Amino acid sequence: MKLNTITSFLFLICFSLSSIAQTTADDPEIKKMLSEVKSENMEATVRKLVSFGTRHTLSDTKSNTRGIGAAQRWVKSEFDKYALASGGRLTSVIDFFTIKADGRRIATDSQLGNVMATLKGTDPTDDRVLIISGHLDSRASDVMDSKSDAPGANDDASGVAAMMELARIMSQREFPFTLIFVAVVGEEQGLYGAKHLADVAKNGKWNVVAMINNDMIGNSLSSGTMLRDNTRVRVFSEAIPYLETEAESKMRKATNRDNDSPSRQLARYIKTVTNQYVEQLDINLVYRNDRFLRGGDHTPFSQNGFTAIRFCEMNENYDHQHQDVRKENNIQYGDLAEFMDFEYIKKVTCSNLATFSNLAWSPKAPTNVGIEVKDLTNFSTLVWTAPEGKSVYGYNILIRETSSQHWEKAIFVKDTKAEIPYSKDNFLFAVQTVDALGHSSLPVFPVPIR
Ligand SMILES: [Zn+2]
């Protein structure tokens with residue numbers, strides 16, 4: 001196509017300006033997978049994990065009925081059941097590593113172990129990796145108390161249950177690249193399991209396109225304010241990447257990219273996909289890496305330069321979080337399964353599954369995404385390079401006003417260059433690839449081209 005001929009060019013643009021949820025049809029296979037998510041499975045997993053009494057990182061590792069060791073071996077045995085059903089494409093391991101005494105929450109040198117299942121991709125030339133996690137460890141009121149009961153039903157058996165449900169369902173399908181499902185440990189002692197895996201990924205130069213952390217996704221009633229809300233879930237994403245070179249920082253400021261980090265793009269992607277596939281669940285984008293002054297298992301991944309976000313329930317209940325199991329003034333404290341909302345976990349798991357499978361089937365993202373700035377014009381021209389690998393059906397140019405938190409429009413095009421009647425002075429843009437079934441890559445924010 002002659003791109004200097006605007007008329008012929010505009011002719012080729014499919015001008016179906018619409019809300020982005022309508023630009024792609026539902027993928028029947030994703031819908032089928034979503035129908036396989038069962039709240040009974042989540043409840044059974046949570047209750048099984050609670051049955052180990054405590055899963056404190058430094059609790060008993062020898063017993064087969066109590067402590068972190070028993071819990072790790074049980075999760076691995078479940079992964080191994082899924083592996084059988086997957087025809088051996090899913091493999092599992094307890095990835096042990098040593099953490100030195102830190103004078104804080106690790107009293108003596110300790111061996112920790114993440115329980116990890118890997119679903120190998122079908123395309124050996126596709127080196128992308130997706131990671132989903134929950135944390136296996138739990139805690140009582142005293143973070144160093146490794147003996148008392150610490151059921152950890154919501155924090156974070158809920159996240160582990162979601163991760164395991166994805167592993168079970170997705171391992172029965174084929175995806176082009178590697179998917180990792182992991183129950184990390186050491187979260188309550190200082191994010192040690194996630195840090196270990198993030199370092200393995202960084203040192204191994206893994207091409208991690210997204211890391212999704214689920215931590216507390218099963219409680220729908222807040223303590224104190226008594227808000228009940230099972231129709232929203234928070235997704236936390238960093239505004240400005242932890243790792244930013246001086247040149248990147250300069251470019252971010254020049255292009256007003258303060259709200260368009262790769263992790264923020266992932267958060268918006270989750271909102272789009274959830275709107276499309278999950279009823280009665282809205283993604284509440286929180287413009288923070290985590291809750292105020294706090295962190296989670298996605299944080300070490302962000303710190304290593306990866307795209308990572310956290311799912312967390314809309315309202316937290318502090319009577320059932322980091323509390324010894326006890327009754328005081330007729331109030332039951334403790335993170336017990338009886339306080340959980342398993343229909344809510346199911347919806348959040350569906351959001352995870354729709355997102356993860358859409359990404360896992362997506363073509364690679366476009367590269368060299370740029371926006372032309374040589375002429376003063378009220379049109380904007382975006383150019384990019386088609387990715388290698390899986391064939392691309394087309395591209396979505398995503399558009400929103402600078403004050404909007406979410407993409408408002410999508411223009412579908414087949415070419416790798418497009419001129420659109422929206423001024424770069426008034427709108428923000430990004431470009432994503434789309435395959436024939438509507439699976440889309442993460443959006444890429446353009447850099448100026450002079
Ligand atoms: Zn937690």
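We count ligands from 1, going down the list as the structure has it; atoms in each ligand are counted the same way. Just so you know, residue 1 is the first one in the sequence shown, and it goes up from there. Just so it is clear, the structure is predicted and the values come from calculations on it, not from any experiment.
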Tyr287 six-ring face occupied by Arg264 cation (under 6.0 Å, within 45°): yes
Tyr333 six-ring face occupied by Arg326 cation (under 6.0 Å, within 45°): yes
Polar contact flag, side-chain donor to acceptor under 3.5 angstrom, Asn315-Asp229: no
Under-2.8 Å neighbours of the Zn ion (ligand 1), protein N/O/S atoms only: 4
Sequence-distant partners of Glu43, side-chain contact (heavy atoms from CB on, under 4.5 Å), two or more places apart: Arg47, Phe342
Basic-acidic side-chain contact under 4.0 Å: Arg252, Glu248: no
Arg234/Glu316 salt bridge by N-O under 4.0 Å criterion: yes
